[in-house]
K.L.:
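This is the structure, below, for whatever I ask next.
Proteins come first, then strands; the chains are lettered A, B, ... in the order of their sequence lines, and each starts at number 1.
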2 protein chains.
Amino acid sequence: MTSRVTPHSALRPLEAVVRRLTALSALSDAERELLRGFPIRRERHLPGDLLLAEGALGGRRRFILAGWACRQRTLADGRRQIFSFLLPGDSIACVARTLPEASAVVALTAMETADAQPALDAAQAGDAPGLAYAFRALEALEQRLLLDHMVRLGRQTAYERVAHFLLELQRRLEIAGLGDDQRFPLPLTQEIMGDALGLSIVHVNRILQQLRRDRLIELRSGVAILLEPERLAEIAVFPPPQLRRASAAQSPGGLGDPAPA
Amino acid sequence: MTSRVTPHSALRPLEAVVRRLTALSALSDAERELLRGFPIRRERHLPGDLLLAEGALGGRRRFILAGWACRQRTLADGRRQIFSFLLPGDSIACVARTLPEASAVVALTAMETADAQPALDAAQAGDAPGLAYAFRALEALEQRLLLDHMVRLGRQTAYERVAHFLLELQRRLEIAGLGDDQRFPLPLTQEIMGDALGLSIVHVNRILQQLRRDRLIELRSGVAILLEPERLAEIAVFPPPQLRRASAAQSPGGLGDPAPA
DNA sequence: CGTTGTGTTGAGCCGAATCAACCCCGGTGG
DNA sequence: CCACCGGGGTTGATTCGGCTCAACACAACG
């Protein structure tokens, strides 16, 4: 269904995961191979599927190979708040362990996930220090994204919120190997964006219109294009988060294939 | 200055910490004594003191013995978002370790803190399973409080936000041994509340007025009284979080990772 | 061919921000 | 002792961003 969105998930299912972790930590080639070698017990999910229930105990840890999900909470009167979006390369339920989940995880598109437990066990066992560091960094990054989102909700105008949000998605998706420095898949309805950004559907629509009129973005059939990322960043007021480790050397440049092994 | 606010900090400095942890985990008497016996290297801080800088690496972990602080971020143009309030019994910088902090921690009142490292080390060493569990629960609880705050910001009216916020404070403070089931210290200016709740000073003032007119709360000289907590809870729409362990069952032995096969 | 979900657009309203006074109170210093 | 000052709180008038309601367009799909 979303072959454009997740181009390599069929041939190299863990590609997004490897890219994500590599951006956060210096993985040895051995670790990369270790990661690719685990039995991953793939699973498929449909839009709307509940991947993790609110209040659940000790959810299964999984990697997302393809598709989008979100962490959310629904109030008694139907209002919904989306806390974060989970993209290919992200992991589910790696925070709380023996304690009830504070949010539900729901699939937004068709998805594919893999068992993350073997990799986590290896990291915890001390066999793969690079992996262990990457997982901790992942957790910290998640926290940072949550805080960013909170700033959007509490202290930014709708225009700023949307600008900052789109920038965040672009950066995250580029790292996961989807999209480039201005173009990326955006399989979200305006309702979903509204529930994330604390805005009504109608208002999300108007802001997107405005961003288009201002020639800052284009949106066509599930693909977003940031025409002037720098101006968007100015509008966004506070800098989108550092998604990579600060170190000088990073994964070898090109979008196509990191890690020649 | 705030002797009513922190009545036992002089005689039993760790009282709030012990109470907090006990509410989360079944601590043995030995563990409680262990906790009280650590060298805690107390420190005092003044309102406005920076306890942890944004972007700092590996901050010192400390317990709060007395006084209030907050986690916050300040934007370039001066806007501020407060993410959470840190109360007596809470700990600072227990999440990220080797990674840059995503938020600053700032003292809001005069404070006293203690070194948490000995206790954390003991927990990590496996000497005190109850403590270890408590610390993990503490982290999860913090996460939950963040998400609650996000719901307030994104999906609640000002009136609901304030109601829910006051209820949260009451519950947390009661557990820490400050205040009772409707009365608690509230040393926050309306500006601070505004920066937490995403509202202007003026509007915070009006909402508080309204809550008073509706005979739901009283505010006098740094003390808040919830006249009808149940009605406040109804207004708050979504239930304030579970701050204690669900007394019946928890994990007495399975403190490691549950490993759901 | 209707149906359903998503996007679009207009009209009107309302919640919350802004602007601007003013009050009260606790310093603090002449 | 009083004059002054600054921080916090209170209040009114006005503006405005974003919501609600409502209608319609369009595509995917049965």
K.L.:
Quick check on side chain to side chain contact (heavy atoms under 4.5 Å, CB included): which of B:Val204, B:Ile82, B:Thr74, B:Ile201 does B:Asp195 satisfy it with?
P.N.:
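Testing B:Asp195 for a side chain to side chain contact (heavy atoms under 4.5 Å, CB included) against B:Val204, B:Ile82, B:Thr74, B:Ile201 leaves exactly one candidate, B:Ile82.
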K.L.:
What is the distance from atom CZ of A:Arg73 to atom CZ of A:Phe83, rounded to the nearest 0.5 Å?
P.N.:
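With rounding to 0.5 Å, CZ (A:Arg73) is 4.5 Å from CZ (A:Phe83).
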K.L.:
Over all strands shown, is A:Gly198 touching base, sugar-phosphate only, or nothing at heavy-atom distances under 4.0 angstrom?
P.N.:
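It contacts sugar-phosphate atoms only.
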K.L.:
Does OP1 or OP2 of C:dG7 have a side-chain N or O of A:Asn205 closer than 4.0 Å?
P.N.:
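So the side-chain polar atoms of A:Asn205 never come under 4.0 Å of the phosphate oxygens OP1 or OP2 of C:dG7.
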K.L.:
Provide, to the nearest angstrom, the distance between the CZ atom belonging to B:Arg220 and the P atom belonging to D:dT10.
P.N.:
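Value for this atom pair: 13 Å.
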K.L.:
Which whole-number value in Å describes the distance from A:His203 NE2 to C:dG7 P?
P.N.:
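Computing the A:His203:NE2 to C:dG7:P distance gives 16 Å.
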K.L.:
Mind checking the CD-CG spacing from A:Gln156 to A:Asp148? Nearest 0.5 Å is all I need.
P.N.:
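Reported value, rounded in 0.5 Å steps: 9.5 Å.
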K.L.:
Before you tell me yes or no, could you show the steps for A:Gln170 and A:Glu174 under side-chain hydrogen bond (donor to acceptor under 3.5 Å, both in side chains), namely the whole-Å CA-CA distance, both residues' side-chain angles and the distance that decides it to 0.1 Å?
P.N.:
CA-CA 6 Å; A:Gln170 181 272 316; A:Glu174 185 179 6; 2.8 Å; yes
K.L.:
Please give, in whole Å, the distance from C:dA16 C1' to B:Met193 CE?
P.N.:
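It is 17 Å, rounded to the nearest whole Å.
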K.L.:
Of the residues in residues 208-217 of chain A, which ones touch DNA chain C at a heavy-atom distance under 4.0 Å?
P.N.:
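Listed by number, they are A:Gln209, A:Arg212.
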K.L.:
Under 4.0 Å, counting only non-hydrogen atoms across every strand here, what does B:Leu199 touch: a base, just sugar-phosphate, or nothing?
P.N.:
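If one applies the 4.0 Å heavy-atom cut-off, B:Leu199 turns out to touch the sugar-phosphate alone, with no base involved.
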K.L.:
Using heavy atoms and a sub-4.0 Å distance, could you list which residues of residues 151-163 of chain B are near DNA chain C? By number, please.
P.N.:
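Within residues 151-163 of chain B, the residues near DNA chain C are B:Thr157, B:Ala158.
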K.L.:
Can a side chain N or O of B:Gln190 be found less than 4.0 Å away from OP1 or OP2 on D:dT10?
P.N.:
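Checking B:Gln190 against D:dT10: at least one side-chain N or O falls below 4.0 Å of OP1 or OP2.
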K.L.:
To the nearest angstrom, how far is B:Glu191 atom CD from D:dG6 atom C1'?
P.N.:
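Nearest whole value for this atom pair: 14 Å.
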K.L.:
For B:Ser200, which contact category applies under a 4.0 Å heavy-atom criterion: base, sugar-phosphate, or nothing?
P.N.:
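The answer is base, as B:Ser200 lies within the cut-off (heavy atoms under 4.0 Å) of a base atom.
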K.L.:
Do the rings of B:His164 and B:Phe238 sit parallel, tilted or perpendicular, given the 30° and 60° boundaries?
P.N.:
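Taking B:Phe238 first and then B:His164, their aromatic rings lie parallel (interplane angle under 30°).
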K.L.:
Would you say the side chain of A:Arg206 and the base of C:dG7 hold a donor-acceptor pair, judged only by whether the two atoms sit under 3.5 Å apart?
P.N.:
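It does not, because no donor-acceptor pair links the side chain of A:Arg206 to the base of C:dG7 below 3.5 Å.
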K.L.:
Does one side chain, of A:His149 or A:Arg152, offer a donor that lies under 3.5 Å from an acceptor on the other?
P.N.:
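Per modelled atom types, A:His149 and A:Arg152 side chains form a pair under 3.5 Å.
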K.L.:
Mind checking the CG-CD spacing from B:Leu219 to B:Gln209? Nearest 0.5 Å is all I need.
P.N.:
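If I round to the nearest 0.5 Å, the distance is 9.0 Å.
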K.L.:
Send over the distance from A:Leu108 CG to C:dT6 P, rounded to a whole Å.
P.N.:
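Taking CG of A:Leu108 and P of C:dT6, I get 11 Å after rounding.
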K.L.:
If only side-chain N and O atoms count, and only distance matters, is there a donor-acceptor pair under 3.5 Å linking A:Arg155 with B:Gln81?
P.N.:
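Not at all, the side chains of B:Gln81 and A:Arg155 share no donor-acceptor pair under 3.5 Å.
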K.L.:
Tell me whether A:Arg183 at atom CZ has more than 12 heavy atoms from other residues, nucleotides or ligands lying less than 6.0 Å away.
P.N.:
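Result for CZ/A:Arg183: open.
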